[in-house]
Amino acid sequence: MTETTQPPMIPAFVLVRPQMGENIGAAARAMWNFGLDHMRLVAPRDGWPNPAADALASGAGRLLDEAALFEDLPSALGDCNYVFATTARGRDLTKPVFSPEAAMKEAATRIASGQRVAVLFGPERAGLENDDIARANAIISVPVNPNFASLNLAQCVLLTGYEWMRAQGHVTAQTVEMAGTDWANNSEIEHLGAHFEDRLNEAGFFFPEHKATSMKMNLRNMWSRMPLTRADVQMLHGMMRQMVRWKERD
């Protein structure tokens, strides 16, 4: 057994009896994608260290070098205050069952209060055994296809790691890359609307006359709904000017 001290602000990801070095490496890569670098290994089938893990770690080799090795699960969880067990199947055990999202929010809250939290991931072939899950305080159940509930070890680690990052508030739901421009302000959009209205009026677009007012209002409403950048506004002005020049040449 290797003694370890859990960093205070992240959960430990505990791989219980992992079978293939490649999957351990892939799990390390998935962890590091989301800033998680506290890995614990319990009785890996092929021993440890395992050269096969290095190739799949792809830049996360430090996690493998620093992984804590334990002979059994009780030893790996000895310093933990709260433990989640990941499983896709009902186990006839009375425990709280969390979604990955809710579990990582709970983990973040407990860690912020000074507790040490661990998440258990079972071996690739059949997942955690009931004896493993009995040592956990709660279950993480991933909502997967009930007809094909098996998740690859690294996939499960990746999914949980992503939810951990979301729980930290580091995931932005939506953003827009401005590509060197800014959003147009109301004055610029007002000027664009006037430009189009004037040119369209000259072209006789607002016809018949009794519909002209509603047509102009609809045009203004269209501009207000469009998320226009200053580059968009400049391009639309240019398009209208060029069409007028083309018409005047004829």
Side-chain angles (χ1 to χ4, degrees), residues 9-11 26 29-37 58-60 98-113 140-148 151-152 154-250:
M9 296 307 293
I10 61 173
R29 179 178 182 178
M31 288 175 62
W32 192 226
N33 282 148
F34 300 106
L36 294 161
D37 61 358
S58 186
F98 289 78
S99 69
E101 178 183 14
M104 290 302 96
K105 287 181 179 178
E106 179 72 12
T109 298
R110 289 180 176 276
I111 289 172
S113 72
I140 299 176
S141 180
V142 179
V144 294
N145 177 4
N147 296 318
F148 188 64
L151 278 178
N152 175 274
Q155 290 174 331
C156 192
V157 168
L158 183 77
L159 188 153
T160 309
Y162 170 70
E163 293 297 348
W164 168 256
M165 180 164 281
R166 287 187 65 199
Q168 306 311 298
H170 298 326
V171 177
T172 302
Q174 181 179 352
T175 187
V176 177
E177 295 293 337
M178 296 304 294
T181 187
D182 294 313
W183 294 113
N185 61 35
N186 284 343
S187 177
E188 291 164 332
I189 295 173
E190 181 72 19
H191 181 56
L192 176 67
H195 185 191
F196 266 71
E197 186 175 310
D198 289 345
R199 298 290 81 79
L200 290 172
N201 192 52
E202 291 174 4
F205 175 76
F206 300 112
F207 180 85
E209 186 174 349
H210 70 275
K211 291 186 177 181
T213 299
S214 63
M215 292 173 71
K216 291 177 182 179
M217 182 176 64
N218 288 340
L219 185 62
R220 292 282 177 161
N221 191 44
M222 181 189 74
W223 295 126
S224 69
R225 291 200 315 269
M226 296 174 65
L228 295 170
T229 67
R230 287 178 172 171
D232 296 331
V233 169
Q234 292 167 2
M235 182 182 67
L236 288 166
H237 276 302
M239 289 168 59
M240 182 56 72
R241 285 192 291 266
Q242 186 61 29
M243 285 190 289
V244 170
R245 293 190 191 104
W246 173 75
K247 177 63 177 176
E248 290 174 347
R249 284 201 301 269
D250 288 350

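The first residue of the sequence shown is numbered 1, and numbering continues consecutively from there.
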(message) Is there a side-chain contact between Ser99 and Ile140 in this structure, where contact means two heavy atoms from C-beta onward sitting under 4.5 Å apart?
(response) no
(request) Please report the closest heavy-atom contact between Ala154 and Ala30, naming both atoms and the distance. (result) O-CB, 3.9 Å
(message) Using the side chain to side chain contact (heavy atoms under 4.5 Å, CB included) criterion, which residues pair with Arg166? Sequence neighbours excluded.
(response) Glu101, Tyr162, Glu163, Val171
(request) Just do the side-chain contact (heavy atoms from CB on, under 4.5 Å) check on Thr229 and Met178 with the steps written out, would you? (result) CA-CA 8 Å; Thr229 67; Met178 296 304 294; 3.9 Å; yes
(message) Closer than 3.5 angstrom, by distance alone: can the side chain of Ser113 be matched with the main-chain N or O of Arg110 as a donor-acceptor pair?
(response) yes
(message) Walk me through whether Leu151 and Val142 qualify under side-chain contact (heavy atoms from CB on, under 4.5 Å).
(response) CA-CA 9 Å; Leu151 278 178; Val142 179; 4.0 Å; yes
(request) Considering non-hydrogen atoms only, spot the tightest contact between Leu36 and Gly161 and give its length. (result) CD1-CA, 3.7 Å
(message) Please find the pair of heavy atoms, one from Trp32 and one from Ala60, that lie closest to each other, and give the distance.
(response) CB-CB, 3.8 Å
Per-pair distances, 0.1 Å, donor-acceptor, side chain in residues 211-219, under 3.5 Å, sequence neighbours excluded:
from: Ser214; atom 1: OG; to: Lys211; atom 2: O; distance (Å): 3.0
from: Asn218; atom 1: ND2; to: Ser214; atom 2: O; distance (Å): 3.3

(request) Give every residue pair that meets the side chain to side chain donor-acceptor pair (under 3.5 Å) criterion with at least one member in residues 184-195, sequence neighbours excluded. (result) Glu188-Arg230, Glu190-Arg220, His195-His237
(request) Side-chain contact test, heavy atoms from C-beta onward, threshold under 4.5 Å: evaluate it for Leu236 versus Trp223 and give yes or no. (result) yes
(message) Nearest 0.5 Å, please: how far is CG in Asp232 from CH2 in Trp183?
(response) 8.0 Å
(request) Assess whether atom CD of Glu209 is packed by more than 12 heavy atoms of other residues, nucleotides or ligands within 6.0 Å. (result) no
(message) Would you say that Phe34 contacts Thr160 through its side chain, given a criterion of any heavy-atom pair below 4.5 Å between the two side chains?
(response) no
(message) Would you say that Pro143 contacts Pro100 through its side chain, given a criterion of any heavy-atom pair below 4.5 Å between the two side chains?
(response) yes
(request) Measure across Ala231 and Thr181 and return the closest heavy-atom pair with its distance rounded to 0.1 Å. (result) N-OG1, 3.4 Å
(message) So, taking the atom named CD in Glu197 and the one named CG in Leu192, what distance separates them when rounded to the nearest 0.5 Å?
(response) 11.5 Å
(message) Which heavy atom of Ala184 sits nearest to which heavy atom of Val233, and what is that distance?
(response) CB-CG2, 3.7 Å
